[in-house]
> 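Got a structure for you, questions after.
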2 protein chains.
Amino acid sequence: MSDTPIRLLKGTLDVLILRTLGWGPAHGYAISRWIRQSSGDDLQIEEGALYPALRRLEEKGWVASRWETSESGRDARVYVLTEVGRRAMRSEVAAWQRYVAVFARVLDARPRGSIA
Amino acid sequence: MSDTPIRLLKGTLDVLILRTLGWGPAHGYAISRWIRQSSGDDLQIEEGALYPALRRLEEKGWVASRWETSESGRDARVYVLTEVGRRAMRSEVAAWQRYVAVFARVLDARPRGSIA
DNA sequence: GCGCATACATAAGACAGTTATGTATGACGC
DNA sequence: GCGTCATACATAACTGTCTTATGTATGCGC
């Protein structure tokens, strides 16, 4: 879709991960792939952002992880949303939508007269 | 509108300032007040974020500033959008809207089958 | 065997917020 | 005149989350 990859705004990655894990357990690489694909290749999640983010979410108790070996014999750390995490996902998505709405208010507002 | 003030996402303040200055020259305090009011009191711009941001924008050549004394006798540094700044405003607003759209794609995407 | 996609991890650095603090003046009530 | 509030600017210290760079290792196809 895009020419230059979009840079993530700081603080916006967690909600993407939570939403992704809301569809079911996944390992890091699969989360990254899903975000990239579902964004139409506009968002590329760097590993340096992804893995620390997953750690943070685990420390908060929003996700849990376990090592698993796939049928093909590859090891991967699989993440699952906890119950708390599922609630957090809903509230984080709502918070994002509020943020977008507030921004729209400011960007669409028209002053009567001068600002200053 | 809200109980707890919304925390600004890093990297999102500049476009608010640019959009505000797009309505005409204003000093820092007035910019802050306009953003707060037009957001319905949801966004409170901290001085510690505002003034460094205005410096950055000036260094980029997107705004210019001059000291002025109002009729009431108060000094204030008044900022104006440059021509480059006006183009930047449009492109930054568009970039924000693209970001919102990309996010919506990910948040609304539904997998067929499992992610992993 | 080689290259590529897969899979994880972490260190160093940048950047832009928050928090706290400081200065100073005008307006208003008492 | 004095206290208090809104106005107006500024900066230092801190924090968190991203980018960039680097490293390890394995499965699969050719």
Side-chain angles (χ1 to χ4, degrees), chain A residues 4-18 25-37 41 43-60 62-63 65-79 92 96 99 103 115-116, chain B residues 4-18 25-37 41 43-60 62-63 65-79 92 96 99 103 115-116:
Chain A
T4 39
I6 296 181
R7 288 170 96 88
L8 268 184
L9 289 173
K10 297 185 185 185
T12 58
L13 175 56
D14 290 10
V15 68
L16 294 181
I17 295 174
L18 291 170
H27 56 268
Y29 196 83
I31 293 170
S32 163
R33 196 185 327 112
W34 170 251
I35 294 175
R36 179 169 53 72
Q37 287 173 356
D41 275 344
L43 282 181
Q44 171 59 43
I45 308 305
E46 305 297 334
E47 288 112 313
L50 178 66
Y51 294 111
L54 286 166
R55 293 293 188 87
R56 287 198 302 272
L57 295 175
E58 192 160 20
E59 273 171 32
K60 285 197 208 175
W62 291 359
V63 307
S65 75
R66 55 174 193 279
W67 281 97
E68 273 188 15
T69 303
S70 70
E71 296 168 14
S72 58
R74 291 188 76 83
D75 285 352
R77 189 190 283 275
V78 174
Y79 293 87
E92 292 289 304
W96 167 253
Y99 198 81
F103 247 64
I115 297 294
Chain B
T4 38
I6 296 181
R7 288 171 94 88
L8 267 185
L9 288 173
K10 297 186 184 183
T12 58
L13 176 55
D14 290 9
V15 69
L16 294 181
I17 295 175
L18 292 171
H27 57 267
Y29 197 82
I31 294 171
S32 163
R33 196 186 327 111
W34 170 252
I35 294 175
R36 179 168 52 71
Q37 287 173 355
D41 276 344
L43 281 182
Q44 172 59 43
I45 307 304
E46 305 297 334
E47 289 112 314
L50 178 67
Y51 295 110
L54 286 168
R55 295 293 188 88
R56 286 198 303 271
L57 295 175
E58 193 160 19
E59 275 172 30
K60 284 197 209 176
W62 291 0
V63 307
S65 75
R66 56 176 192 277
W67 280 97
E68 273 189 16
T69 303
S70 70
E71 296 168 15
S72 59
R74 292 187 74 83
D75 286 352
R77 190 191 282 275
V78 174
Y79 293 87
E92 292 289 304
W96 166 254
Y99 199 80
F103 247 64
I115 296 293

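To find a chain, count down the sequence lines: A is the first, B the second, and so on, and within it residues start at 1. What you are looking at is a predicted structure, and each value in this text was computed from that prediction instead of being measured. In what follows, every heavy atom counts, from backbone to side chain, and hydrogens, waters and symmetry copies are set aside.
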> When the distance from CG of A:Leu57 to P of D:dG16 is rounded to whole Å, what number comes out?
15 Å
> When you measure from the side-chain N and O atoms of A:Arg56 to the phosphate of D:dC18, is any distance below 4.0 Å, counting only OP1 and OP2?
yes
> Does A:Gly48 reach a base, just sugar-phosphate, or nothing at all? Heavy atoms under 4.0 Å.
base
> Using 0.5 Å steps for rounding, measure from the CD atom of A:Gln44 to the CD1 atom of A:Ile6.
12.0 Å
> Let me know, please, whether A:Gly73 or A:Pro52 comes out on the 5' side of the other along DNA chain D by nearest nucleotide.
A:Pro52
> Among the nucleotides D:dT19, D:dA10, C:dT10, which one has an atom lying closest to any side-chain atom of B:Tyr79?
D:dA10
> Using whole Å, report how far CH2 of B:Trp34 lies from P of D:dT7.
16 Å
> For B:Leu8 and D:dT17, give me the distance from atom CG to atom P, rounded to whole Å.
15 Å
> Is A:Arg77 close enough to C:dA9 that one of its side-chain N or O atoms is under 4.0 Å from OP1 or OP2 there?
yes
> Nearest 0.5 angstrom please: B:Leu16 CG to B:Ile31 CD1, how far?
11.0 Å
> Counting side-chain heavy atoms from C-beta on, which of C:dG17, C:dC8, C:dT10 comes nearest to A:Ala76?
C:dC8
> Check A:Glu47 against A:Pro52 and note the closest heavy-atom contact, atom names and distance.
O-CD, 3.7 Å
> Hey, what do you get for CD (B:Glu92) to CG (B:Leu57), rounding to the nearest 0.5 Å?
9.0 Å
> Contact class for A:Leu13 vs. all strands (heavy atom < 4.0 Å): base, sugar-phosphate, or nothing?
sugar-phosphate
> Could you check how far CD1 of B:Ile17 sits from C1' of C:dA16, rounded to whole Å?
11 Å
> Once you round it to whole Å, what is the distance between P of D:dT22 and CD of A:Glu47?
14 Å
> Separation of A:Leu50 atom CG from D:dT17 atom P, in whole Å?
14 Å
> Could you please name the option among D:dT26, C:dT18, C:dA16 that lies closest to any side-chain atom of B:Glu46?
C:dT18
> Can you check whether A:Tyr51 has a side-chain N or O nearer than 4.0 Å to OP1 or OP2 of C:dC8?
yes
> When the distance from CD of A:Gln44 to C1' of D:dT20 is rounded to whole Å, what number comes out?
13 Å
> How far apart are the C-alpha atoms of B:Tyr99 and A:Leu8, what are their side-chain angles, what is the distance that settles it, and do they pass the side-chain contact (heavy atoms from CB on, under 4.5 Å) test?
CA-CA 9 Å; B:Tyr99 199 80; A:Leu8 268 184; 3.4 Å; yes
> Picking from D:dC18, C:dG17, C:dG26, which would you name as closest to the side chain of B:Ser72?
C:dG26
> Please tell me if B:Arg55 has a side-chain N or O lying less than 4.0 Å from either OP1 or OP2 of D:dT11.
yes
> If you check the B:Ala49 side chain, which of C:dA7, D:dT7, C:dT18 turns out closest?
C:dT18
> Send over the distance from B:Leu54 CG to C:dG17 C1', rounded to a whole Å.
14 Å
> A side-chain contact here means heavy atoms from C-beta on lying under 4.5 Å apart; do A:Arg36 and A:Asp41 qualify?
yes
> Look at the side-chain N and O atoms of B:Arg7 and state whether any lies under 4.0 Å from the OP1 or OP2 oxygen of C:dA16.
no
> Can you work out whether A:Lys10 or A:Ser70 has the more 5'-proximal nearest nucleotide on DNA chain C?
A:Ser70
> Is A:Arg33 near enough to C:dA7 that one of its side-chain N or O atoms lies under 4.0 angstrom from OP1 or OP2?
yes
